[in-house]
Amino acid sequence: MTALPEPTSAPSQPQARGETVLYDRRITVYGVEIQYLEAGAGPPLLLLHGHEQSATSWRWVIPALARTHRVLALSLPGHGESGPAADGHAPGADLTPFVAAFLFAVGAEPPLDLVGHSAGGAIALRFTLADPTRIRTLTLVDSAGLGREVHPLLALDTLPIIGELAVMISRMPGGDLARTTMSAAMLFAQPWRIPAEFFTEQHALGRRPGQLEASTAMARALFGPYGQRQILLDRLPALTTPTLVVWGARDYLLPVQQARAAVKSLPHGWLSVFPDCGHLPHVEHPDRFATVLGTWLTVSRDHPRSTSFAPLALVDPLKDQR
């Protein structure tokens, strides 16, 4: 990797989460001030969020994961408290160079465990395909890039003028609350399980200057009127990295059939489907998610390239999910 200028880091703000200290940090990468959360010590574990999310969407699972790993949750450019990309609101279609630069800046030495959700899953998959030697394990959570189908409303929002109109309506009185409410209803199988803190943060993010424009730009890079633009399914047979695919059985945005198709194409792939769960397993069922991911990381470390994954099967039976 090409050497980068020395990054700068703002003083961290520690926040207690039980016995875990979660640090909210800032660092400058490629001239962009980036927010990231950090907790724990040990081998690096990078968490990449999805569309219209930020690093804080992982806050419910970070404490458990930080018992065994140095957990890094990155807010991509234009999302959360990170600044906009240098070329405007839009992160490009391929953010793998930026992620690589971030890892270099924070001193996360390879190999690392990589987890990507939704749009972050597509980034994580591209990153692994580009340089599999850097990744010990890959986990794709309701990931983009594994099939054509996507919820029609998400595809509609990517159309010229429609996306800008949706942003404008969201800025009208009451429009921001309506957008947050509709988005939350699409993300969760059971909307009453939405954590109040999650809803409040999503509402605040939607009001942050540039956030909706960045989210629209990311959506347009990944989706179009006919579904997902970047289909990486045909590249999975060449991916030898141990890969876990986690999905909500009631994901309204990206159907669970895409998870099953992906696992069938992976040489070393395992599937964990969460019943009665939507697009955000790590928020809707954080304890279950942390247990499944923690088991996966432990088993793949102790038994690399194992052809069976019995500990995960005990946590999340797969016989009726295939």
Side-chain angles (χ1 to χ4, degrees), residues 47-54 57-58 60-61 79 115-125 138-158 179-195 198-199 202 215 218-219 221-233 236 243-266 269-293 296 312 315-318 320-322:
L47 309 175
L48 297 177
H49 66 80
H51 176 244
E52 293 197 349
Q53 305 296 313
S54 71
S57 64
W58 299 102
W60 289 272
V61 299
H79 293 74
V115 179
H117 167 248
S118 192
I123 296 169
L125 182 53
L138 173 65
T139 301
L140 302 174
V141 185
D142 294 73
S143 176
L146 301 179
R148 181 70 60 186
E149 188 177 349
V150 67
H151 193 285
L153 284 181
L154 188 54
L156 181 66
D157 197 41
T158 66
R179 182 185 179 108
T180 305
T181 302
M182 183 175 70
S183 175
M186 292 175 61
L187 292 173
F188 290 80
Q190 304 291 352
W192 55 85
R193 283 203 293 256
I194 300 173
F198 177 85
F199 188 92
Q202 290 298 107
S215 295
M218 175 179 276
L222 293 169
F223 313 120
Y226 302 106
Q228 297 192 56
R229 296 183 186 276
Q230 305 174 38
I231 311 300
L232 302 170
L233 200 62
L236 296 187
T243 302
L244 171 66
V245 179
V246 179
W247 220 276
R250 295 176 60 188
D251 186 339
Y252 304 128
L253 297 183
L254 301 173
V256 69
Q257 289 84 353
Q258 294 178 6
R260 298 189 176 104
V263 171
K264 288 179 180 178
S265 299
L266 287 163
W270 290 264
L271 175 65
S272 180
V273 174
F274 287 22
D276 195 29
C277 181
H279 189 63
L280 294 163
H282 51 298
V283 180
E284 192 163 4
H285 293 284
D287 293 341
R288 183 184 182 88
F289 181 89
T291 299
V292 168
L293 180 57
W296 156 252
L312 176 61
V315 173
D316 189 23
L318 304 184
D320 57 346
Q321 306 288 357
R322 292 284 183 175

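All of these numbers come straight from a predicted model, not from anything done at the bench.
Proximity of a side-chain donor or acceptor of R250 to a complementary backbone N or O of C277 within less than 3.5 Å is not detected. Side-chain atoms of D142 do not come within 3.5 Å of backbone N or O of L254 as any donor-acceptor pair. Without hydrogens or angle criteria, Q230 side chain to G145 main chain gives no donor-acceptor distance under 3.5 Å. E284 places no side-chain N or O within donor-acceptor distance of the main-chain N or O of F188, the cut-off being under 3.5 Å.
Heavy-atom minimum distance, S143 versus A122: OG-N, 3.5 Å. The heavy-atom pair separating G269 from V263 by the smallest distance is O-CG1, 3.8 Å. Nearest heavy atom pair, residue L138 against residue L125, reads CD2-CD1, 4.0 Å. The two residues L140 and G121 have their closest heavy-atom pair at CD2-O, 3.5 Å. Annotation for L271 and A259: closest pair CD1-CB, 3.8 Å, computed over non-hydrogen atoms. Minimum heavy-atom separation, A249 to P275: CB-CA, 4.0 Å.
How far CG of L146 is from CZ of R260: 13.5 Å, rounded to the nearest 0.5 Å. Note that CG of L187 and NE2 of H51 are 10.0 Å apart. Values are rounded to the nearest 0.5 Å.
Applying the side chain to side chain contact (heavy atoms under 4.5 Å, CB included) rule to L233 yields the partners I231, L236, A261, A262, S265; only residues at least two apart in sequence or on another chain are considered. For E149, the side chain to side chain contact (heavy atoms under 4.5 Å, CB included) partners are P255, Q258, not counting sequence neighbours. The side-chain hydrogen bond (donor to acceptor under 3.5 Å, both in side chains) check on T243 picks up nothing, with sequence neighbours excluded. Judged as a ring-ring contact (aromatic ring centres under 6.0 Å, His included), and not counting sequence neighbours, W247 has no contacts. Listed by chain and number, the residues in a side-chain hydrogen bond (donor to acceptor under 3.5 Å, both in side chains) with Q190 are D276 (sequence neighbours excluded). By the ring-ring contact (aromatic ring centres under 6.0 Å, His included) test, H279 pairs with H117, sequence neighbours left out.
At a threshold of 4.5 Å between non-hydrogen side-chain atoms, the residues V115 and L47 count as touching. At a threshold of 4.5 Å between non-hydrogen side-chain atoms, the residues T139 and L293 count as touching.
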query = Between F289 and W60, is a side chain to side chain contact (heavy atoms under 4.5 Å, CB included) present by the stated rule, with each step listed?
reply = CA-CA 10 Å; F289 181 89; W60 289 272; over 6 Å; no

task = Apply the test side chain to side chain contact (heavy atoms under 4.5 Å, CB included) to residues F274 and V292: give CA-CA distance (whole Å), side-chain angles for both, the deciding distance (0.1 Å), then the verdict.
result = CA-CA 10 Å; F274 287 22; V292 168; 4.1 Å; yes

